[in-house]
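What follows is a set of notes on a single structure, which appears directly below.
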Amino acid sequence: MSAEAQCYTLVFEDNAETPSTQELRTGLEKGSDEDKLDTLRRIIVATINGNPQPTLLMPIIQYIMPSKHKQLKKLLHVYWEVCPKYDENGKLKQEMILVVNAIRNDLQHPNEYIRGATLRFIQKISKDAELLEPLIPTLRANLEHRHSYVRKAAVFALYTVFRENEALIPDAAELMQTFLAAESDATCKRNAFVFLANVAMNKAVEWLRSVWDGIGSMDEGLQMAVIEVARIDCMGDTTHKPRYIRCMFELLNSSSHAVKYEAATTLTTLTQNPAAVKAASACFVNLVIKESDNNVKLIVLDKLDVLRSRHGHVLDGLIMDVLQVLSSADMEVRRKAMSIVLSMTSTRNVEEVVLFLKKQLQRTQDQEYDKASEYRQLLIQSIHVMAIKFSEVAASVVHALMDFLGDSNNPSALDVVAFVREVVEKFPFLRPTITEKLTATLGSIKSGKVFRGVLWILGEYVEGVNDIERAMVEVRGVLGEIPILAAEIREAEGNGAVEGGEEEGASTGQSGGRPRVLADGTYATETAYTSSAPVHSEASKAKPPLRALILGGDFFTGSVLAAALTKFVLRYDEQTSERASANALRAEAMLIMTSVIRVGQSKFVTAAIDEDSNERILSCIQTLSELHAHPEVNDMFLRDTRAAYGKMLGAQEKRAAEKKEAEGTKETIVQVDDLLNFRQFSKKSADDPINYADDLGKATGAGEVHEDFISNLSKISQLTGFSDPIYAEAYVKMHGFDILLDVLLVNQTPNTLQNLCLDFATLGDLKLVERPAVYTIAPHGFQSIKATIKVSSTETGVIFGSILWEGPGLAESCVILNDIHIDIMDYIEPAYCSETQFRSMWTEFEWENRVNVSTTMADPRDYLKHVMKSSNMSCLTPEGAMSGDCDFLSANMYARSLFGEDALANLSIEKTDTGTIVGHVRIRSKTQGIALSLGDRITMSQKDNKPPI
């Protein structure tokens, strides 16, 4: 067959039930219509799979072609499409004359649907010029058929024939021009217009000029064709560009969403005028609001974002219209719209935008929104960004957002805390009002994380004497009666007394009680603890929020409370001259801290206090007990922590500025000998890829960069030894989710090796797609065998196998192949996520692999870089947090596989006195495979100081 022969899909054919040629002939001759259908279907499948059955061509012409059965006629068209029509010499078979005559009869059939089906069949055999030449007059005659169904099919049938063989229809342009002038059906006119535009653009434009005024009232399909012609015509030198622009403006008001989208896109390619850009953008916004399909919304929003990035503030006036997109129920659409709004916000419209977002935030609180918590979090994050960027609105939004500190949705409340913390650091004039509001909202907070953030803010930024006293009162209010342990014991004893009095009138006491007779006749003593346990659990529900958290075992919050109280006392001592009140405040703070430690060591808490929190609180107590002995410690509490937070904000701003600068400056490298593209001289439009021929070339891989042959040599694995009868080596190529093995076999014997079979087996989530065939290799001959293996997850995989063959005297021989280990690093790529996402996934993932550090490296940072390079993971810990001289290092790392699997890692190491590094790497993932594979990879890389190449 020639290189241009058409390729058809292979259809499964059950060889066990394949009938013989004689049986097929009998089925065609004597069977019923259903039998003939089944027989013809079998013949078509065999033809597609490479068994054309040429001897059955004449029986099909004799017994199937005269049939009036509609399904047989349709199936017959499929057979004519795939059957061989030419003999060995490339000449048309004689039998095809009968086929051409039958096709001509169908093209003249009184039933218009048979004509239409035959015309569509003509489009599929448009390359067979010898077959089509006798049918051209009949095809042209169908242009005048009374039914539009036939006429529209005839137009495209002639178009496909002309595209392959222009000589068959030399007057195609004049024919279509005449047809257009007389045609009234919209679909027929659209087909003819597309035909005419591809044959003679000047004649298509000439027809278009005659109907300028009626374009707005045309059919949707014809309007789409007009837009396409306008786009193609303007790629060349045309004088009709102003008319096209006016036409696009008119089509922006079309009732069809598809026409609106194409008209707006084309308008931005034809002109960069601000009015045109604004009109196209308004059309896009209108489409997003009215379109129901979320995928379409996202596509149009992407187009709008491109326009915004290229035309700056031209679109700023549409920001309130874009905000209407937030009414969509889909969160992805909301996020995309919000990102566009944030980029369009300026000092001129920021107040209106913030007011709108505050109303939306209030509505999520009042009404039961779909995904209200996610939407509320998105609104809070967006307001956060705007308030930091535009300081004039910070004061108006910070108080409104602080109402959400008691939100039951923990992420939203945490976002509010992060926002307030940044505002209070960057805008000192807002600190008094913010701290006053925070102090008043302590009682409504429910989450330990939110408490920790608020207590840190109060400890850092509450500065006045009166403010400190007010904050202490509120802290006592959310903590309850002090000391905590004594109050809990009294409450437990009181509950025990009440219960005992109700049941038996017995005396009460912590350890007191009286013997009671159990159901089995034995005696037992009931103490106050056992009787008060259920009462205590119910009473804890009504306890103050901070007290309930501490009794629930959240001593991390207790340590943050101790640090905040220490800052209160230190700052109060600096600002007041009244020693009595200062000493009273210090004593109260130390009492609270001691109470937290004591209750943490009792049986009243869910979990005992941890060592870290205990040590932290004790250090705070020691600082207050030695108030004036160590001024440098006081400076650490009052100044260094705030300075560290300021540095962190500065590092974040610097990173954001660098990212923005990197996105803004795109380096274009052009070689000296590159050909000039004169379209580069024109002003770039918002819709650059208008040259569809170039796009088609890219899509088909015409511009694909080929791999270097020399670099591929490093991917070759030797499978057998040089002294084996057969030498084998494999080139392992990773291609997406497939592994391609190209195996070269060399017969090193003087004998012919028959029935040679290369047998592969896999270990892990690998699957062999198909088993290689059986080969025969001549003496000292070569054979190349390809095998494809599917990969379904990021897990260490092994490919092993053997070669079997028959030598002289049919003696069977075998060679076992070396194993091929699949490197999972080809499927793992560095990725980034936020700290909140990392912590959430770390808590959720259940598979953990702990790798102990064993290395000769001396610098912890060098070891971190070594692990990152060997495991393809990115470091999430900011560079500023790891700067400075320190003997220990802790860093979080993250990567994601091609299969969407997340891999988390935490590196905790320290430098010993001997100069070595000790510690461990903890790897977590959702599946066991990736955790074990990454652990093995890090363990192997530790055997040498140098990362693997």
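Reckoned from all heavy atoms, side chains included, excluding hydrogens, waters and symmetry mates. Note that this is a predicted model, so its numbers are computed, not measured.
- Put simply, the side chain of L565 reaches to within 4.5 Å of the side chain of M472, judged on heavy atoms.
- At least one donor-acceptor pair closer than 3.5 Å links the side chain of H866 to the backbone N or O of S941.
- In this structure, V921 and N849 have side chains that are not in contact, with every pair of non-hydrogen atoms separated by 4.5 Å or more.
- E469 and R571 are not joined by a salt bridge, as no carboxylate oxygen comes within less than 4.0 angstrom of a charged side-chain nitrogen.
- Applying the salt bridge (Lys or Arg N to Asp or Glu O under 4.0 Å) criterion to E481, with sequence neighbours excluded, gives R490.
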Under the criterion side chain to side chain contact (heavy atoms under 4.5 Å, CB included), I'd like the reasoning laid out for L907 against T877: C-alpha separation, chi angles, the key distance, then a yes or no.
CA-CA 11 Å; L907 172 68; T877 305; over 6 Å; no
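- Here the closest non-hydrogen pair linking I597 and I609 is CA-CD1, 4.4 Å.
- Pairs of residues two or more places apart, or lying in two chains, that qualify as salt bridge (Lys or Arg N to Asp or Glu O under 4.0 Å) and include a residue from residues 559-568 are E460-K567.
- One finds the CZ atom of R861 at 9.5 Å from the CD1 atom of I909 (value rounded to the nearest 0.5 Å).
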Pair E488, R547 - check salt bridge (Lys or Arg N to Asp or Glu O under 4.0 Å), show working.
CA-CA 11 Å; E488 291 297 317; R547 187 190 194 95; 3.2 Å; yes
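- Residues forming a side-chain hydrogen bond (donor to acceptor under 3.5 Å, both in side chains) with T606 (at least two apart in sequence, or on another chain): none.
- The distance from atom CG of D554 to atom CZ of F556, rounded to the nearest 0.5 Å, is 8.5 Å.
- Although no hydrogens or angles enter the test, the distance criterion places a donor-acceptor pair under 3.5 Å between the side chain of S625 and the main chain of Q622.
- One distance of note links OG1 of T855 with CG of N852; it measures 13.0 Å at 0.5 Å rounding.
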Could you give me the CA-CA distance, side-chain angles and deciding distance for L876 and C833, then say whether side chain to side chain contact (heavy atoms under 4.5 Å, CB included) is met?
CA-CA 8 Å; L876 301 181; C833 67; 3.7 Å; yes
Contacts table for residues 598-605: side-chain donor-acceptor under 3.5 angstrom, sequence neighbours left out:
| unit_1 | atom_1 | unit_2 | atom_2 | d |
| --- | --- | --- | --- | --- |
| S602 | OG | V599 | O | 2.7 |
| S602 | OG | F604 | N | 3.3 |

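- Y645 is linked by a ring pair (Phe, Tyr, Trp, His ring centres under 6.0 Å) to W456, counting only residues two or more places apart in sequence or in another chain.
- When all heavy atoms of T566 and C620 are compared, the pair lying nearest together is OG1-CB, 3.3 Å.
- Expressed to the nearest 0.5 Å, how far OG1 of T439 lies from CD of E436 amounts to 7.5 Å.
- Listed by chain and number, the residues in a salt bridge (Lys or Arg N to Asp or Glu O under 4.0 Å) with E574 are R639 (sequence neighbours excluded).
- The closest side-chain heavy-atom distance from R922 to L904 is not below 4.5 Å.
- For E626, the side-chain hydrogen bond (donor to acceptor under 3.5 Å, both in side chains) partners at least two apart in sequence or on another chain are H630.
- Contact between T435 and L458 at its shortest, heavy atoms only, is O-CD2, 3.8 Å.
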Worked check of salt bridge (Lys or Arg N to Asp or Glu O under 4.0 Å) between E425 and R642:
CA-CA 8 Å; E425 168 64 24; R642 188 188 299 186; 5.0 Å; no
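- Ion pairing between R924 and E846 fails under the 4.0 Å rule for side-chain N and carboxylate O.
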Using side chain to side chain contact (heavy atoms under 4.5 Å, CB included), reason through L378 and S382 one step at a time and then give a plain yes or no.
CA-CA 6 Å; L378 174 65; S382 304; 4.2 Å; yes
Intermediate values then yes/no, salt bridge (Lys or Arg N to Asp or Glu O under 4.0 Å), K926 and E848
CA-CA 9 Å; K926 205 167 190 177; E848 178 173 321; over 6 Å; no
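- Counting non-hydrogen atoms of other residues, nucleotides and ligands closer than 6.0 Å to CD of E632 gives a total above 12.
- Across all their heavy atoms, M893 and M868 have their closest contact at SD-CG, 3.7 Å.
- In M636, the CE atom is not crowded: 12 or fewer heavy atoms of neighbouring residues, nucleotides or ligands sit closer than 6.0 Å.
- Side-chain contact between I923 and I930 is absent, with no heavy atoms from C-beta onward closer than 4.5 Å.
- The minimum heavy-atom distance linking K911 with A858 is given by the pair CE-O, 3.3 Å.
- How far CG of L479 is from CG of L561: 6.0 Å, rounded to the nearest 0.5 Å.
- Residues Y461 and P432 form no side-chain contact, since every pair of their non-hydrogen atoms from C-beta on lies 4.5 Å or further apart.
- The closest side-chain heavy-atom distance from D573 to R586 is not below 4.5 Å.
- The environment of CD in E578 is sparse: at most 12 heavy-atom neighbours from other residues, nucleotides or ligands sit within 6.0 Å.
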Dump the intermediate steps for salt bridge (Lys or Arg N to Asp or Glu O under 4.0 Å) on E422 and K426, then the final yes or no.
CA-CA 6 Å; E422 190 169 351; K426 290 189 173 182; 3.2 Å; yes
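- For the 3.5 Å distance criterion, the side chains of S933 and D936 fail to qualify, holding no donor opposite an acceptor.
- For R431, the salt bridge (Lys or Arg N to Asp or Glu O under 4.0 Å) test picks out no residue, with sequence neighbours left out.
- Minimum heavy-atom separation, A562 to I617: CB-CG1, 4.0 Å.
- Here R850 pairs with nothing under the salt bridge (Lys or Arg N to Asp or Glu O under 4.0 Å) rule; sequence neighbours left out.
- Side chains of D610 and S613 form a contact here, defined as non-hydrogen atoms less than 4.5 Å apart.
- In terms of modelled atom types and a separation under 3.5 Å, the side chain of S559 and the main chain of R616 share no donor-acceptor contact.
- Using modelled atom types and a 3.5 Å distance limit, the side chains of S908 and N906 yield a donor-acceptor pair.
- Under the side-chain hydrogen bond (donor to acceptor under 3.5 Å, both in side chains) criterion, R421 pairs with no residue at all, not counting sequence neighbours.
- For the residue pair R452 / T557, a side-chain donor-acceptor distance below 3.5 Å is found, with atom types taken as modelled.
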Just do the side chain to side chain contact (heavy atoms under 4.5 Å, CB included) check on I621 and L624 with the steps written out, would you?
CA-CA 5 Å; I621 295 174; L624 293 185; over 6 Å; no
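- Checked against side-chain hydrogen bond (donor to acceptor under 3.5 Å, both in side chains), R896 has the following partners two or more places apart in sequence or in another chain: Y894, D902.
- Listed by first and then second residue, the ring-ring contact (aromatic ring centres under 6.0 Å, His included) pairs involving residues 835-860 are F838-W842 (not counting sequence neighbours).
- Atom CE of M857 and atom NZ of K865 lie 11.0 Å apart (nearest 0.5 Å).
- Looking only at side-chain heavy atoms (C-beta outward), E910 and L889 stay at 4.5 Å or farther from each other.
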